[in-house]
Amino acid sequence: MGKSVNCLHLLSLNFLLLFSNYSFAKEGMWLPNLLGHVNEAEMKDLGMKISADDIYSINHTSLKDAVVQFGGGCTGELISSQSLLLTNHHCGFSQIQSLSTLEKNYIKDGYWAKSFEEELPCPGLTATFIIEIRNVSEQILPFISDTMSEMKRQSVIKLITDNLEKAAISGTHYKAFTKSFYQGNEFYLFITEVFTDIRFVGVAPKAIGNFGSDTDNWMWPRHTGDFSLFRIYAGKDNHPADYSKENKPFSPRYFLPINISGIKEGDFAMIMGFPGKTNEYLPAEGLEMVYSQTNADKVRIREQRLKIWKEAMGTNDTIQLNYSAKYRTLANYYKKWSLENQNLRKHESILKRKGFDKQFLEWTLADSMRRAEFGNLLNDFSEIYSKGKVFGHALDYTSESLMGIELLNYVLSFKKLIELRRNIHADEKEVEVQLEKTKKMVNGFFKSYSKSTDKKVCFSMLKLSDENMSDSLRPDILVRIKNDFSGDFMKYTEELYSKTIFLKQEKLLSMLNNFGSVEIKKLTKDPAWKLAINIQDFQKEKIQPSYNAFVQGSAKLLRKYMEGILQMDTVKQFYPDANSTLRVTYGSIQGMNPRDGVIYKWQTNLDGLIEKGNLNDDDFQVPEKLKELYATRNFGQYESNGSVPLAFLTSTQTTGGNSGSPVLNDKGELIGTSFDRASEGVMSDYVFDEKLTRTISLDIRFTLFIIEKLGGADRLIQEMKIIKDK
Ligand code: ARG
Ligand code: GLU
């Protein structure tokens with residue numbers, strides 16, 4: 001213990017030496033309801049002028065009332081009394097794409113609703129407010145124990161939380177859920193208000209919203225105008241209501257004032273949002289599995305799929321159009337995982353974690369009670385992760401590789417129809433509905449499918465899986481194909497794609513028009529069906545049970561490990577891993593020194609966008625109108641130093657799900673929208689490095705400049721509360 005305290009002193013001394021002259025960096029994704037106890041003093045020391053109570057309160061309005069979870073995986077913030085909602089371009093992308101047609105291509109050309117009537121409903125989209133967060137650990141922990149089976153534990157927790165949730169929202173229109181924190185050592189109940197009538201208000205052309213595309217993704221310096229605008233609508237009573245023409249803009253409890261007076265390096269900044277998932281408290285063995293199996297396998301597989309898609313997209317415009325969104329989605333995490341592994345390697349993170357584990361072990365062995373409780377944990381981890389790797393590997397090679405073949409996924413979506421039709425007791429109406437759905441699915445599939453491309457993917461994935469899956473854990477169809485075709489996967493693939501009826505649209509549709517047992521027989525004898533089903537069954541029967549057992553078993557060990565870590569250091573404040581709940585992270589506006597000889601400035605400007613635009617690269621096209629605004633210096637009130645500020649870096653801790661989160665200044669006013677992290681610090685989902693981890697955000701002045709000057713959407717600017725003085 002004494003040793004680790006010394007270590008801590010040394011560390012903080014180093015830390016001070018490194019950062020004392022200009023700024024600070026802060027690790028942590030904190031629960032907003034605990035800021036008052038845990039963080040407020042430090043936040044104020046760092047320059048925050050408001051109180052924890054201004055950020056989160058259940059007694060009066062607070063900042064949290066202006067922040068929503070946007071859909072399932074992003075964050076948004078309200079910027080007007082009529083619920084104008086700001087989020088990222090890439091968060092609104094799929095909604096905007098489905099509202100677009102060839103004639104009205106909002107993605108390509110942008111869109112600015114000129115009135116409320118022109119704001120377009122987005123079926124399925126939700127915006128979720130957090131009304132209250134309650135610590136319910138005391139109501140749960142006394143009823144569960146380490147000796148319980150995990151199943152029993154889960155069912156006890158569910159029973160208790162079901163009741164707590166029911167009671168918490170009785171008589172209201174709110175919803176509630178409970179989540180575990182610190183790997184199951186604490187529990188919090190969330191009361192939420194979920195709006196379901198969300199409308200699309202405006203977006204810049206993709207050339208701005210996705211400027212730099214995959215080339216610049218995860219990179220600094222950045223010039224992506226990654227924002228889009230929506231609005232929340234409510235029923236007459238200002239409560240959530242499903243879409244209706246009669247609905248009115250929701251009148252929110254709070255919205256964020258916008259400060260355009262300028263920011264500088266060292267300024268306090270905080271970000272509120274819904275980070276999805278982090279794993280900061282893994283033992284070295286766990287980190288090793290991420291590095292050598294999870295990330296490595298996925299990167300290797302995606303690399304091949306992406307390469308084939310990219311080649312096809314480059315030679316054919318239709319494929320380019322149909323595959324670019326799919327490509328972007330796949331490429332985003334491909335790049336993230338490869339960067340993560342590069343970072344972990346470069347910074348010897350696993351070795352460092354081993355050092356921590358050694359300390360942990362010494363701590364457990366220094367006391368007989370601790371030894372009994374935690375002494376065996378690291379051995380247990382070794383054992384469970386060595387199993388986990390085997391099944392994780394097999395799982396990735398089925399789900400990411402073999403099921404990455406589009407044909408197979410598509411074929412499996414006939415399963416429900418076939419099962420229904422085979423069931424003599426099935427409701428005829430239900431069958432009809434499923435038939436119609438399937439026909440629609442078929443037509444949709446062919447609209448954006450390239451057979452020649454997918455054929456290449458199929459060959460490549462079969463070969464890759466054959467080379468990499470262990471003999472004892474592979475779908476038997478792989479073995480059969482190899483035998484029947486003397487190892488020639490190309491020949492098999494050629495035959496598969498020319499024979500399968502699933503790729504003969506007309507024939508297939510006419511079969512669906514008269515779908516009986518003959519047709520079912522034909523489909524289930526089809527080679528594509530056989531391949532898909534064999535792989536799916538293999539996954540379900542041979543991998544999933546063992547993999548699930550690994551997940552459950554490791555969760556139990558991680559819970560214990562976390563408990564130990566919390567006991568080992570009672571001085572340090574630990575923040576819980578991200579779990580898609582509302583968090584606050586704070587730090588400063590700050591550049592970085594990514595490697596020897598290189599310094600990243602904290603800010604980019606419109607000049608840089610224009611400069612990149614001159615590169616004549618598809619990812620860097622600048623709309624004529626933006627060039628014109630630039631040439632005539634038509635920057636309005638958003639000008640700073642002869643340009644418009646575009647993006648900036650903060651020393652905060654964010655991750656996927658934080659996209660669209662408000663970046664707030666010392667007074668809680670909006671200065672930007674976060675949308676990415678700089679590549680050098682992307683390992684922060686596992687290991688946070690103060691020197692290297694930076695959030696990338698869009699400067700609110702660029703957002704407003706585009707809305708006003710490029711979009712001409714003055715009516716939106718007028719709704720906002722814009723502050724120009726310090
Ligand atoms: N990297 C950011 C995030 O994880 C942006 C992704 C969207 N952009 C893209 N080029 N795929 O969501
Ligand atoms: N762009 C990511 C998102 O959609 C955030 C980037 C990150 O992981 O930091 O949430």
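Just follow the structure's listing: the first ligand is 1, and inside any ligand the first atom is 1.
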task: Please confirm whether the backbone N or O of Thr215 pairs with a side-chain atom of Lys335, one donor and one acceptor, at under 3.5 Å?
output: yes

message: Can you see whether Gln183 engages Tyr281 through a side-chain donor-acceptor pair at a distance of less than 3.5 angstrom?
response: no

- request: Examine Asn217 against ligand 1 and note whether any of their N/O atoms are separated by less than 3.5 Å.
  value: yes

Pairs under 3.5 Å, nitrogen or oxygen of ligand 2 with protein nitrogen or oxygen:
{"unit_1": "ligand 2", "atom_1": "1 (N)", "unit_2": "His90", "atom_2": "NE2", "d": "3.4"}
{"unit_1": "ligand 2", "atom_1": "1 (N)", "unit_2": "Ser659", "atom_2": "OG", "d": "2.9"}
{"unit_1": "ligand 2", "atom_1": "1 (N)", "unit_2": "Phe675", "atom_2": "O", "d": "2.9"}
{"unit_1": "ligand 2", "atom_1": "4 (O)", "unit_2": "His90", "atom_2": "NE2", "d": "3.0"}
{"unit_1": "ligand 2", "atom_1": "4 (O)", "unit_2": "Ser659", "atom_2": "OG", "d": "2.6"}
{"unit_1": "ligand 2", "atom_1": "8 (O)", "unit_2": "Gly656", "atom_2": "N", "d": "2.9"}
{"unit_1": "ligand 2", "atom_1": "8 (O)", "unit_2": "Arg677", "atom_2": "NH2", "d": "2.8"}
{"unit_1": "ligand 2", "atom_1": "9 (O)", "unit_2": "Arg677", "atom_2": "NE", "d": "2.6"}
{"unit_1": "ligand 2", "atom_1": "9 (O)", "unit_2": "Arg677", "atom_2": "NH2", "d": "3.4"}
{"unit_1": "ligand 2", "atom_1": "10 (O)", "unit_2": "Gly657", "atom_2": "N", "d": "2.6"}
{"unit_1": "ligand 2", "atom_1": "10 (O)", "unit_2": "Ser659", "atom_2": "N", "d": "3.2"}
{"unit_1": "ligand 2", "atom_1": "10 (O)", "unit_2": "Ser659", "atom_2": "OG", "d": "2.7"}

query: Should the proximity of Ser213 to ligand 1, defined as any heavy atom under 4.0 Å, be assigned to the side chain, the backbone, both, or neither?
result: backbone

query: Going by the angle between their ring planes, with limits at 30° and 60°, are Trp112 and Phe227 parallel, tilted or perpendicular?
result: tilted

task: Working to the nearest 0.5 Å, report the span between OG1 of Thr703 and CG of Leu698.
output: 3.5 Å

message: To check your reading of the model: name the closest protein heavy atom to atom 3 (C) of ligand 1, its residue, and the distance in Å.
response: Asn332 ND2, 3.5 Å

task: Give the atoms of ligand 1, by number and element, whose distance to some non-hydrogen atom of Asp676 is under 4.0 Å.
output: 1 (N), 2 (C)

- request: Could you tell me whether Trp218 approaches ligand 1 through its side chain, its backbone, both or neither, with non-hydrogen atoms closer than 4.0 Å?
  value: side chain

message: Classify the ring geometry of Tyr327 against Trp309: parallel below 30°, tilted from 30° to 60°, perpendicular beyond 60°.
response: tilted

query: Any N/O of His90 closer than 3.5 Å to an N/O of ligand 1?
result: yes

task: Return the residue, atom name and 0.1 Å-rounded distance of the protein heavy atom closest to atom 10 (N) of ligand 1.
output: Asp214 OD1, 3.2 Å

task: May I ask you to check if Lys64 and Tyr56 form a cation-pi contact, with NZ or CZ under 6.0 angstrom from the six-membered ring centre and within 45° of the axis?
output: yes

field: Ring centers of Phe250, Phe195 separated by less than 6.0 Å
entry: yes

query: Is there a donor-acceptor pair under 3.5 Å between the side chain of Tyr686 and the backbone N or O of Glu340?
result: no

field: Residue portion contacting ligand 1 (non-hydrogen atoms closer than 4.0 Å) for Arg328
entry: both

- prompt: Going by the order shown, which atoms of ligand 1 are within less than 4.0 Å of some heavy atom of Phe675?
  reply: 2 (C)

- prompt: In Å, rounded to the nearest 0.5 Å, how long is the span from CG of Leu78 to CG of Leu84?
  reply: 8.5 Å

message: Against the six-membered ring of Phe93, is Arg328 placed for a cation-pi contact (under 6.0 Å from the centre, within 45° of the normal)?
response: yes

